[in-house]
Amino acid sequence: MSDMFRITLPDGSVREVAPGTTPADIAAAIGPGLAKVAIAARVDGELRDIGRAFDGDAALALVTTRDEADALEMARHDYAHVLAEAVQRLYPGTQITFGPSTDDGFYYDFAPAAERGPFTDEDLPAIEEAMRDIIRADKPLRREVWDRATLISRWRQQGETFKAEWAADLPGDEPLSVYWSGDDWLDMCRGPHLASTGKLAADAFKLTRVSGAYWRGDQNNAMLSRIYGTGWLNKKQLDAHLTMLEEAAKRDHRRIGQEMDLFHLQSEAQGSVFWHPKGYVIYRALEDYMRRAIKGAGYQEIKTPQLMDVRQWEQSGHWGKYAENMFAVPDIVPDGEGAAPKVAADAGWMAMKPMNCPAHIMVFRQGIKSYRDLPLRFYENGCCHRNEAHGALHGIMRVRQFTQDDAHIFCRDDQVVDEVRAFCALIDRIYGDFGFKYSVKLALRPEKRFGSDADWDKAEGELRDAVTAAGLATEAYGWEELPGEGAFYAPKLEWHLTDAIGRTWQVGTLQADRVLPERLDASYVGEDGARHRPVMLHRAIFGTYERFMGILIEEYAGRFPLWLAPVQAVVATIVSDADDYANAVAARLVAAGIRVETDLRNEKINYKVREHSLAKVPNLVVVGKREAEEGTVALRQLGSDRQQMMPLDDLLAKLGRDAMPPDLARA
């Protein structure tokens, strides 16, 4: 019996099995029902193939089709491999590289034969059909471990130069595993995979688009063809996802922003937003709202410089972590009128701030702080710059210049939990004003970090305790802990918003930091007369104004609540005889604080109604000769076919109420 392996199941029971036994064998021994639904196994926590033999004593947890996260991850990985096999079947001479699963699907990068040229979207239907043939063939997916030299030799013999390079660059002590699809096609992969291609649903995937991608993400390397797809466990899930994508396309903030004349972007200022008057109205409304919120919560607003000496960023630790994403500016010395500027030999370097944290510590350090002064809450609408790659930019969602609703709370150890609880209440109220539901996550210490384990233990415990005390550490709020995803200096609470079509956006954050106050020498005088380090809570609610506005545009599909609408009402005439009355109505609305325009054009009223509805104007105030004589208006509200007749004074009262920001209405 000494040659037997001891396999411990989740219920604590132990099975002794012979070498060569697989998790699939144990599932079959437990019962045919489990054997049917078991798709993979966690062996000592590692996700493995259901048919991979045990290599020693182990703890086993079988993964079934009901474990949707793992099942989706594996299915999408398999779809990527089936895609690669299908492409090589259809287009001999194509080199394969690699293709991972993604949040909603998969992709694979290919190097097409020179005579074939890059793939296009027109190739996708044929590739999809070839993939379905492979899935219907139910080809076994079989793992083998190969000698490195043998595998590299095989890749080179087959003309797979990219795979050969990849295999040669992997760590020398890493086993090189391959997966066979049947007996006629293989790819290099760590796995795991499902037992066969037939475990995939042939009608639960769709190839979506083709784009270019550089080999290994380096623009100096060869350009490849990347084929994207979305993959699911069944057709119902796929159909729901495709419907969501169609709705998302209708709500795309870039398209709506152009249609509503809110902003534009152009290459002369890559990754920076040009706000137009209507877009800036929304931006300012958000600023005003947030200023009222933070003032009521006891924050003091400050403003800090855009440029700071690089040595400051080295001391904080940011230069070592983010230098490649920071814009550095040398000390330029002019050399006479009209001459080209020169960099002095002993020039210092400045960096445009990618974040506000060090500057806020500099403000805190001015003057002696006592324990009685804490907590100190500094807020800044801080403009920051990050050198994002051009290919990573996306509308106003991901930009190079952005403004954060940033704040830092400097507090004592005994104040941390109360401050975090207060922030939880503040963020709940704010997200509620915009109609968002949210979930809360706790991102824990990463492998590479600053600070002691004791400090990390304390910070993680404080955040956990505060969220629990706030009643948010529950299934209803999607509470989850995320190992390894914290910042290098602090654990992080994350607020994930769910929008109108079910997408999630990670927006609000709070970090409990004991590292930066130490590195930048922030201190206060305690009750004992000694110097102590404050805890620094980094927090944001909108995240950045640019991204939050993009989310709002897509959440509301451009139909903003009245308090945010750039144009809250248009006064339109039926006949030119009502022009003077229309101008008088508009003047009364402006005096009441309503953002209003007039439409006195010589056009039919139905044309005006249609045009302003497409422009998403919330209220169309229609006036004609009769309304002018009676001092009334006809109100048409966006999304309604009804027309309400009312006295002008009633309209003023109604729009005044409806246009009030939610925090002021609540007050």
Side-chain angles (χ1 to χ4, degrees), residues 19 22-23 40-59 63 70 73-74 76-81 83-85 88 95-103 106-111 141-181 185-194 213-224 226 320-325 389 392 443-450 453 482-488:
T22 68
R42 288 201 175 274
V43 179
D44 291 333
E46 178 189 359
L47 191 62
R48 289 188 177 184
D49 307 320
I50 192 76
R52 179 176 169 181
F54 296 105
D55 46 22
D57 296 348
V63 176
D70 285 335
E73 175 81 15
M74 294 184 69
R76 287 165 178 166
H77 195 175
D78 284 11
Y79 279 125
H81 279 246
L83 166 60
E85 182 178 355
Q88 288 201 310
Q95 290 192 59
I96 55 175
T97 63
F98 58 86
S101 60
T102 65
D103 288 343
F106 55 95
Y107 69 80
Y108 208 104
D109 289 346
F110 300 94
L141 299 175
R142 177 168 46 87
R143 180 180 184 269
E144 292 180 353
V145 177
W146 282 38
D147 172 74
R148 180 182 302 269
T150 303
L151 182 56
I152 292 173
S153 175
R154 177 189 174 97
W155 289 136
R156 287 175 177 162
Q157 288 172 7
Q158 293 186 339
E160 297 282 5
T161 59
F162 295 96
K163 282 290 188 185
E165 178 186 327
W166 188 255
D169 286 350
L170 287 172
D173 58 349
E174 182 171 331
L176 298 188
S177 56
V178 302
Y179 278 81
W180 285 94
S181 173
W185 189 86
L186 66 79
D187 196 0
M188 182 170 67
C189 181
R190 290 191 180 94
H193 285 280
L194 299 173
Y214 293 108
W215 168 236
R216 304 180 85 165
D218 187 339
Q219 62 183 359
N220 296 313
N221 289 339
M223 174 65 77
L224 307 173
R226 175 172 293 178
K321 295 285 183 179
Y322 297 117
E324 63 183 18
N325 296 116
L444 303 173
R445 69 194 74 183
E447 183 178 345
K448 294 182 179 180
R449 59 186 181 269
F450 293 155
D453 286 345
L482 308 174
E485 296 192 21
F488 71 90

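What you see is a predicted model, and the numbers here were worked out from it, not measured in a lab. Numbers here are sequence positions counted from 1.
Phe162 approaches Ala111 most closely through the heavy-atom pair CE1-CB, 3.4 Å. The two residues Ala80 and Pro100 come nearest to each other via the heavy atoms CB-O, 4.4 Å. Gly51 and Thr22 get closest at one heavy-atom pair: O-CG2, 3.3 Å. Of all non-hydrogen atoms in Trp185 and Gln88, the two that sit nearest each other are NE1-OE1, 2.8 Å. Closest of all the heavy-atom pairs between Arg148 and Leu170 is NH1-O, 3.2 Å. A pairwise comparison of heavy atoms in Ser101 and Glu73 identifies OG-OE2, 3.0 Å as the closest pair.
Other residues, nucleotides and ligands place no more than 12 heavy atoms under 6.0 Å from the CD atom of Glu324. Counting heavy atoms of neighbouring residues, nucleotides and ligands inside a 6.0 Å radius, atom CG of Asp147 exceeds 12 of them. Taking a 6.0 Å sphere around CZ of Arg190, one finds it holds 12 or fewer heavy atoms contributed by other residues, nucleotides or ligands.
No side-chain heavy atom of Glu144 sits under 4.5 Å from any side-chain heavy atom of Leu186. Looking at Lys163 and Gln95, their side chains never come closer than 4.5 Å, going by heavy atoms from C-beta outward. For the pair Leu141 and Ser181, the minimum side-chain heavy-atom distance is below 4.5 Å. Annotation: side chain of Ile96 is in contact with side chain of Glu160 (closest heavy-atom distance under 4.5 Å). The shortest side-chain heavy-atom distance between Asn221 and Glu165 does not fall under the 4.5 Å cut-off.
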Practice item. Would you check, one step at a time, whether the test side-chain contact (heavy atoms from CB on, under 4.5 Å) holds for Thr102 with Arg76? Key: CA-CA 8 Å; Thr102 65; Arg76 287 165 178 166; 5.8 Å; no
Practice item. Before giving the answer on side-chain contact (heavy atoms from CB on, under 4.5 Å), spell out for Asp187 and Glu85 the whole-Å C-alpha distance, their side-chain angles and the decisive distance to 0.1 Å. Key: CA-CA 9 Å; Asp187 196 0; Glu85 182 178 355; over 6 Å; no
Practice item. Show the numbers, then the answer: is there a salt bridge (Lys or Arg N to Asp or Glu O under 4.0 Å) between Asp49 and Arg142? Key: CA-CA 9 Å; Asp49 307 320; Arg142 177 168 46 87; over 6 Å; no
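Remark: aromatic rings of Tyr108 and Phe110 are close, center separation under 6.0 Å.
Between Trp180 and Trp146, the ring-plane angle classifies as tilted under the 30° and 60° cut-offs. By the 30° and 60° cut-offs, the orientation of the rings of Trp215 relative to Trp166 is perpendicular.
Side-chain polar atoms of Gln157 and Ser153 form a donor-acceptor pair below 3.5 angstrom.
Under the salt bridge (Lys or Arg N to Asp or Glu O under 4.0 Å) criterion, Arg143 pairs with no residue, sequence neighbours left out.
From Asp109, atom CG reaches atom CZ of Arg216 across 12.5 Å, with rounding to the nearest 0.5 Å. One distance of note links CD1 of Ile152 with CG of Leu176; it measures 7.0 Å at 0.5 Å rounding. For the atom pair CG (Leu194) and CG (Asp78), the distance works out to 4.0 Å, reported to the nearest 0.5 Å. Atom CZ of Arg48 is separated from atom CZ of Arg52 by 4.0 Å, given to the nearest 0.5 angstrom. Annotation: the span from His193 atom NE2 to Ile50 atom CD1 amounts to 15.0 Å, rounded to 0.5 Å.
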